[in-house]
Each structure stands twice: as structure tokens, then as C-alpha cells.
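Each remark here refers to the structure printed beneath this line.
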Amino acid sequence: MSTEKNKLVINRFLERFSANDVEGVLSLLNNAAIWKVMGREGGLPLSGEMDKIAVADLMNTVNNIFPKGMTLTPSGWTASGDRVAAEVESYGQKSDGTIYNNMYHFLFEIKDEQIITIREYMDTLHVKSVFIDN
């Protein structure tokens, strides 16, 4: 698949995640897909790997925490073959009014128009301050 088509897959993923379209997101993931959130396991509740079922659970959790939704907005792309790197900014307001506005770097691997791997890098201190210390 071309790099432009791969970028479209990732853009659809981010749009569907932002719309809390669980089924839409899952349709873009290969059945064996793994989403790895970087960080030492045990350091943050999200650190480690998620399979497709855990991604659905994550999206339901995000929907509960952010009643008005959480958006993922890409700001830069690098694509080569079946790999797409995206710089992304999130924005959401928790029910208590706390703003979550993080910066990410995602590395996606795509095969046959489905995502097979996601590696997520983010500001872990911001996650800690919004979700653990707050």
C-alpha cells in the first residue's frame, strides 16, 4: 500500500478515536494489533501493551473521563513504506474541569490497510499530574 494510503488509515484512526467511534477504531486494527504505551511498567497505569479488546476498554474509559470527548489532532507526519509517524496533540476536559492537553509521537505499522502496531510516546509527567496527582 502507498504511503499516502497509509497516512489516510492513520488519519481515519485519529478521527474515529476523537469521535469515540469504538467500532470504527477497531475496524482499522488488525485482530493481532498491539498498542504499546512507552514507559516502565508499574510507573503509570497505562504503561505497557494493549490488545484490540483493551483498546475498546481504553476508549470506553476515555469517554467516561471526558464527557465532552477528547480530540487527537495530528500536526506532523512522516511516512515510509508501511510505517507512519505522527505528531499528535490531545485535548479534553475532565468532568471536574481539569484540562488534559498532551503531546504525543505515535509510530504506526500498517499491513493490508490495517494497523498492526502502535507505539505511543507522550509527556508522562503531564499524565501523572492530571490522572494520578489530581
Side-chain angles (χ1 to χ4, degrees):
M1 190 160 76
S2 74
T3 50
E4 285 306 311
K5 284 186 179 178
N6 286 337
K7 284 172 56 178
L8 287 174
V9 169
I10 302 311
N11 199 48
R12 283 195 300 268
F13 172 84
L14 296 171
E15 287 172 347
R16 291 175 181 177
F17 194 98
S18 295
N20 198 41
D21 177 2
V22 177
E23 292 305 316
V25 165
L26 296 181
S27 74
L28 296 170
L29 298 178
N30 180 281
N31 286 335
I34 297 295
W35 183 336
K36 184 170 185 173
V37 179
M38 298 303 166
R40 299 283 179 214
E41 291 196 33
L44 291 175
L46 285 177
S47 297
E49 294 184 352
M50 293 179 280
D51 62 9
K52 199 169 177 175
I53 294 169
V55 172
D57 292 341
L58 169 69
M59 291 188 67
N60 289 322
T61 299
V62 167
N63 188 44
N64 290 333
I65 293 172
F66 301 102
K68 296 178 185 175
M70 184 183 78
T71 59
L72 296 175
T73 306
S75 60
W77 302 87
T78 303
S80 177
D82 290 336
R83 294 164 55 105
V84 176
E87 295 174 279
V88 176
E89 181 175 0
S90 68
Y91 183 86
Q93 184 174 3
K94 291 172 56 179
S95 54
D96 68 2
T98 303
I99 300 296
Y100 179 64
N101 183 212
N102 209 338
M103 306 300 285
Y104 306 84
H105 182 272
F106 288 100
L107 178 60
F108 298 90
E109 292 181 68
I110 299 130
K111 183 177 180 183
D112 300 325
E113 298 187 40
Q114 286 195 309
I115 299 166
I116 57 173
T117 306
I118 303 170
R119 291 183 192 90
E120 175 184 345
Y121 304 82
M122 68 181 133
D123 180 350
T124 54
L125 184 59
H126 183 59
V127 172
K128 183 177 180 291
S129 68
V130 171
F131 294 104
I132 297 172
D133 296 341
N134 191 353

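The shown structure was predicted, so the numbers you read here are calculated from the model rather than taken from an experiment.
- Residue-environment remark: CD1 (Ile53) stays at or below the threshold of 12 foreign heavy atoms within 6.0 Å.
- To the nearest 0.5 Å, atoms OG (Ser2) and CG (Leu8) are separated by 7.5 Å.
- Of the inter-residue distances, the one linking Phe108 atom CZ with Lys7 atom NZ reads 13.0 Å to the nearest 0.5 angstrom.
- Side-chain polar atoms of Asn31 and Lys52 form a donor-acceptor pair below 3.5 angstrom.
- Taking 4.0 Å as the cut-off between side-chain N and carboxylate O, Arg12 and Glu15 do not count as a salt-bridged pair.
- Minimum interatomic distance between Gln114 and Leu29 (heavy atoms only, all atoms of both residues): NE2-O, 3.4 Å.
- Residues Val37 and Met122 meet the side-chain proximity criterion, which asks for heavy atoms closer than 4.5 Å.
- The shortest side-chain heavy-atom distance between Met59 and Phe17 falls under the 4.5 Å cut-off.
- Ile34 contributes atom CD1, which lies 12.0 Å from atom CD of Glu109 (distance to the nearest 0.5 angstrom).
- Contact annotation: the side chain of Thr3 never approaches that of Val84 to less than 4.5 Å [non-hydrogen atoms, C-beta and beyond].
- Atom-to-atom distance recorded for Thr124:OG1 and Met38:CE is 12.5 Å, nearest 0.5 angstrom.
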Task: Worked check of side chain to side chain donor-acceptor pair (under 3.5 Å) between Tyr91 and Thr73 - done: CA-CA 8 Å; Tyr91 183 86; Thr73 306; over 6 Å; no
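- Using a distance-only test at 3.5 Å, with no hydrogens or angles considered, no donor-acceptor pair links the side chain of Thr98 to the main chain of Lys94.
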Which pairs of donor and acceptor atoms, one on a side chain in residues 63-72, lie under 3.5 Å apart (sequence neighbours left out)?
| residue | atom | partner | partner atom | Å |
| --- | --- | --- | --- | --- |
| Asn63 | OD1 | Asn20 | ND2 | 3.4 |
| Asn64 | ND2 | Asn60 | O | 3.3 |

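- Looking at every heavy atom in both residues, Arg16 comes nearest to Ser27 through NH1-OG, 3.4 Å.
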- [ ] Could you give me the CA-CA distance, side-chain angles and deciding distance for His126 and Asn102, then say whether side-chain contact (heavy atoms from CB on, under 4.5 Å) is met?
- [x] CA-CA 7 Å; His126 183 59; Asn102 209 338; 3.8 Å; yes
- [ ] Could you walk me through whether Tyr121 and Phe106 pass the ring pair (Phe, Tyr, Trp, His ring centres under 6.0 Å) test, one step at a time?
- [x] CA-CA 6 Å; Tyr121 304 82; Phe106 288 100; 8.9 Å; no
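- Side-chain contact between Leu107 and Arg83: present, with at least one pair of heavy atoms (C-beta onward) separated by less than 4.5 Å.
- Donor-acceptor pairing under 3.5 Å is recorded for the side chains of Trp35 and Glu120.
- Qualifying salt bridge (Lys or Arg N to Asp or Glu O under 4.0 Å) partners for Glu23, counting only residues two or more places apart in sequence or in other chains: none.
- When side chains are defined from C-beta on, Ile10 counts as touching Ile110, because their heavy atoms get closer than 4.5 Å.
- In this structure the side chain of Ile115 never reaches within 4.5 angstrom of the side chain of Asn30, judged on heavy atoms.
- Remark: Ile116 CD1 to Lys111 NZ distance equals 6.5 Å, nearest 0.5 Å.
- Here Phe131 and Tyr100 bring their ring centres to under 6.0 angstrom of each other.
- Residues Asn101 and Glu89 have side chains that bring a donor and an acceptor to within less than 3.5 angstrom of each other.
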